[in-house]
Structures are given as structure tokens and as C-alpha cells.
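In listed order, ligands and their atoms are each counted from 1. Throughout, residue positions are numbered sequentially from 1 according to the sequence presented. These numbers were taken from a predicted model, which means no experiment stands behind them.
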Amino acid sequence: MGTQLNMKTVRTIAELRSSINYDKRVGFVPTMGNLHAGHLDLISTAKKQSEFVVASIFVNRLQFAPHEDFDSYPRTLNEDTKKLEAAGCDLLFAPREEDLYPVPQGFEVHPPSELDCILEGEFRPGFFKGVCTVVHKLFNCVQPDVAFFGIKDYQQAMIITHMVSQMALPIEIVKVQTRREVDGLAMSSRNGYLKDAERAEAVQLYLALCQMRESVKAGNNVSSVEHEALSLLKARGWKPDYLTIRNALDLSVFNPNEKNGSRRLVALAAARIGNTRLIDNLEFTLD
Ligand code: PAF
């Protein structure tokens, strides 16, 4: 006999709250759906570190700019529900827009500019305000003990950790490693947009990060390493937004001459191949 599957799906905040077993340690995995193995890693980590796992699926309009892919973002609730149930999720919160935003969301959470206006925030203004607003609201709805975020969205996971700390939310944030395809491409719902030739090329973003890591570890000048990576991708037909090496702790610019500076770094990249914008990152330590 296999394990009994009995995940419940709820739409409203009231149903959600009455369905959560608060006697147990509640783990929460917020998603926008179109689930892949990376999301299921979040669920399996949540199962190990909590006793009642809630996932949410909500494509959050607030974090998309008008020219971005809110309308075309893949919505695959039936398939996602089956995957979550098979992964052992206990409860799925899949609110409609009117459930989560019954009135226009006038109150918002603005991250501080030193985190909000760099990297992703520079190229997607308003993105982190939208993310923080919905995540804060989802946290209020679910009231979890612990929540799980993938570090593929490195800056997002960092900003949410800061938000929870500064707002004194009683929630532990657990960051989960990036799941990669066999060739190294980071799993992402947006990989589904790639045409065959683009998919074959897409791994070059990860390879560029690996190359940057090795080059910086070998002692090469950071600006030259970044510049070279940018030029290489451009020559292959990419439109890069950034390829950069930052301090892993706070995403500040890495200064190799700084005495007592952290040796923990992260190479981060965002670039467009065809019409698809991909992001990835790689953490490493200088010897
Ligand atoms: O990473 C995502 O899927 C989204 O940004 C999140 C955290 C679910 C908020 O909408």
C-alpha cells in the first residue's frame, strides 16, 4: 500500500486559516506555480524541517512591470496540484486575485534602497516591492513557523530574510540550493519559454558564472573578469543585464584590497537569450 495522499486545496484566507494545524510546526513554500523539481526540493526540505507543509500558488501582479510576462506567465494549477500532493504537501493555498487583493493593495512593503535598487532591482524597478508586499501578506495569511526560498533568486531570498528580521516576524527563513538540469542550467519556470536552440545555448549563463568564479579564485582582477564575461555572452548573442561578483553577505561590491573583508562571494548574472530573461548565481569562498 502506498502512502495516502490527501492534500486539500483552499482559495480564501478564511478557509486557509481554518485548515492549518497550528498544533504542528507549520512550514510554508510560497510559489507562483508551474512547478519544477526545484520547487519540489523546497517541499521536501519543508517536510524534513516542519510537520505541516503549506504551499501557495499565486501569480502576483504586483511584482510584474506592465511590459513583463504577467499575462503569459504559465498557469498550470491542475498539474501543480498533483505534483504537490505526490510530494507530500499537506495544504495548497491557491487564492484568486480577489481573495488576496479584494481591494487595491495600497499598503506596501518597500525594501531599503541599498538592497532594492541594485542588480535585479535596477533592471526590474518595483519588483522587490511587489515581492515583499505579497510575501508579507502571505506570511500574515499562513502564519508559518518556517518558510522556504530557493537561492536561485539570491537577492529575493536575502531581502526577505532582512524583511523578516527588521519587521520582527516570528518566522525562520530557510534557503534551499538551486536545482540544475543535467547540463547545469538552473531550473526555472521561464525555461519553458526557450526555443530548442535557445535551450541549448542557455547553459552558457551558468558556464559564464563558473568561469568567473575560477578566474576570481585564480586572483584575476574582478572588473576585468566581469567585463570579459559580459563581452563573451554578448558575442554569443545574449543581451546581459549584469554579470558581477559581490559579497555574499550583503551583495555589496567586492573590494579585494579591503582588509578583514569577507572571503565569501557570489557571482550573479541576469541576461536575455531571445525574449527570455534568465538569472542565476554561484556562491564561493576565496581560499
Ligand atoms: O519566487 C517566486 O516564485 C515569487 O517571487 C514569490 C516568492 C512566490 C512571491 O510571489
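The N/O atoms of Asn60, backbone and side chain alike, include none that comes under 3.5 Å of an N/O atom in ligand 1. Not one N or O of Thr31 is nearer than 3.5 Å to an N or O of ligand 1, by distance alone.
Contacts of Asp116 classified as side chain to side chain donor-acceptor pair (under 3.5 Å), with partners at least two apart in sequence or in another chain: none.
The shortest contact between atom 2 (C) of ligand 1 and any protein heavy atom is with Gln156 NE2, 3.9 Å. Of the protein's heavy atoms, Gln63 NE2, 3.7 Å lies nearest to atom 4 (C) of ligand 1.
Residues Lys175 and Asp153 are not paired through a salt bridge, judged by the lack of any N-O separation under 4.0 Å between the basic side chain and the carboxylate. Note on Arg277 versus Glu68: no salt bridge recorded, every NZ/NE/NH1/NH2 to OD/OE distance being 4.0 Å or above. Contact check on Arg25 versus Glu172 returns a salt bridge, with a Lys/Arg side-chain nitrogen under 4.0 Å from an Asp/Glu carboxylate oxygen.
Other residues, nucleotides and ligands contribute over 12 non-hydrogen atoms within 6.0 Å of the NE2 atom of His110.
Each of the following atoms of ligand 1 lies closer than 4.0 Å to a heavy atom of Pro30: 8 (C). Heavy-atom proximity to Val134, at under 4.0 Å, picks out these atoms of ligand 1: 9 (C), 10 (O).
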